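What follows is a single structure, written as structure tokens, with notes after it.
Computed from a predicted structure; not experimentally measured. Below, chains carry the letters A, B, ... as their sequence lines are ordered, and counting in each starts from 1.
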Protein chains: 2
Amino acid sequence: MSLRYAILGFLGSTPGTGYMIAREFAQGAGAFWSALPSQIYPELRELEQLGWISGEQDDSDRLGRRLFRLTPVGATALQAWVEAPTDYPPERDPERVKLIFLDRSDPDLIRHHLESHIAHHREKLATWQSMRAAMTDGSHRQMAARLAQRPKREHDLVLLTKLLAYDGNIARAELEIAWAEGAIARLEVLCERQVSKVEQV
Amino acid sequence: MSLRYAILGFLGSTPGTGYMIAREFAQGAGAFWSALPSQIYPELRELEQLGWISGEQDDSDRLGRRLFRLTPVGATALQAWVEAPTDYPPERDPERVKLIFLDRSDPDLIRHHLESHIAHHREKLATWQSMRAAMTDGSHRQMAARLAQRPKREHDLVLLTKLLAYDGNIARAELEIAWAEGAIARLEVLCERQVSKVEQV
DNA sequence: CTGCCCATGTAAATCGTTACATGATTAC
DNA sequence: GTAATCATGTAACGATTTACATGGGCAG
């Protein structure tokens, strides 16, 4: 269900076409929820049938793209969803599954997995740090549009929820990197002990 | 695909029935990959058809339960999968989606969400800490069976990969708690500033 | 005029959840 | 005897990915 509400949330900042939304879920919003065009276009039609969004034909657009807007009913549905208690998805971590069964592999191969883990999260970290930075300078169109709807005294709160979200992701990425570095160190300590045992014999 | 290999991994430690496997994915292995019986039973049949596991009728069992074992072919397939590079699943975090769109809600409600976040991860933390503890004393049957197959000099490595996995999850839970506590503090600072502004007017 | 990105989709397959069915065993 | 747990599933649905189709605009 989250995709549905993530789309509503996006359209709550500013109207958008299917393509714009798809681009967002591949990049910006993709930091928190990712989705492909093939899932987004059908969802938009369902949301329109529900009356939660409405699509106007934009004649100024040379291609016949439709610009979708959040309706008042849609805004209410969105508000109800975000305020309802979260149900947390079950744990599903393919890298952990690999790690626990990697005990029949060469330690070098384990180390290589951990290094890939670090590389993966370094990339995430860089992405999220630059996205966070874009929140605070005025460069983020979405954010500017969202702030423009609200009185000045609420701007700090609007900004804070985004910063908290990015900071959480940044902290997660940093943790994964630190964890994997520690794991490599522990693995190496173990290997050295093994070697010295063998040497003793 | 991970479920398939997680099942193989489990059966690589010790043979098991469908029910035992289902129980494991609801509890023990559920720390890293969770799955329901309705997904596990069909998967077992597919794995048997592939020849990656084999199920023997156990006559000593009053119920006609079948005991599945990993075959050599299955062991090879498992090894190939765990050693192959991981592809990391896309980001999909419903709590973050809620948070970024909670900026139209009362800060008390935001705080309540963050407190639920803490409660959720405190539970996870407790679970994982006790699971980790069970790894190091001899109480874990799976682990004992896995160690029994291997020469003593490899025991440290077998144990290490599990400890690393649990420690990673524990660190994640601690991070989520710390993050949410910090978030509540930042939210309160903001609210106090708002109040004092209003008082000045 | 060729190749690339823009833009909007459909269809099929895969993965996971929810709901339900069934019968046997064990604890109280 | 009755409730809980053991044990094995099936069916339908929902969510997501993969693969494919299509046509317009634009840069070289």
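- The ring of A/Y166 has its center closer than 6.0 angstrom to the ring center of A/F32.
- Remark: C1' of C/dA7 and CZ of A/R23 are 10 Å apart, rounded to the nearest angstrom.
- If you measure from atom CD of B/E43 to atom C1' of D/dG9, you get 15 Å, rounded to the nearest angstrom.
- Residues A/V82 and B/K98 share a closest heavy-atom pair of O-CD, 3.5 Å.
- At a cut-off of 3.5 angstrom, counting only N and O atoms as typed in the model, there is a donor on one side and an acceptor on the other between the side-chain of A/S38 and the base of D/dT18.
- Side-chain contact check for B/Q142 and B/T14: no donor-acceptor pair (N or O, by modelled atom type) lies under 3.5 Å.
- Applying the 4.0 Å criterion to OP1 and OP2 of D/dT8, one finds that B/Y19 has every side-chain N and O outside that range.
- In this structure, CD of A/E48 is placed 10 Å from P of C/dG9, rounded to the nearest angstrom.
- Residue-level contact check: B/R92 touches the backbone only, with heavy atoms under 4.0 Å from sugar-phosphate atoms and none from bases.
- Using a 4.0 Å heavy-atom distance criterion, B/R45 is classed as a sugar-phosphate-only contact.
- Nearest-nucleotide mapping onto DNA chain D: of A/S2 and B/Y41, the residue sitting toward the 5' end is B/Y41.
- Heavy-atom nearest nucleotides on DNA chain D were determined for B/G18 and for A/W33, and the one closer to the 5' end corresponds to B/G18.
- Using a 4.0 Å heavy-atom criterion, one finds that A/P90 contacts the sugar-phosphate atoms exclusively.
- Between A/H117 and A/H121, the distance from one ring center to the other falls under 6.0 angstrom.
- Atom P of nucleotide D/dT16 and atom CE of A/M1 are separated by 9 Å, given to the nearest angstrom.
- B/R4 comes within contact range of no nucleotide atom at all, as no heavy-atom separation falls under 4.0 Å.
- Listed nucleotides: C/dT8, C/dT17, D/dT8. Nearest to the side chain of B/L36: C/dT17.
- The side chain of A/L3 sits closest to D/dT16 out of D/dT8, C/dT8, D/dT16.
- Rounded to whole Å, the distance from CD on B/Q39 to C1' on D/dT8 is 16 Å.
- A salt bridge is absent between A/R66 and A/E56; no separation between the charged side-chain nitrogens and carboxylate oxygens falls under 4.0 Å.
- Rounded to whole angstrom, the span from the CD atom of B/E91 across to the P atom of D/dT16 amounts to 14 Å.
- When the C1' atom of D/dT16 is taken as reference, atom CD1 of A/I7 falls 13 Å away, rounded to whole Å.
- Computed from coordinates, the B/E46 CD to D/dT10 P distance equals 12 Å when rounded to whole Å.
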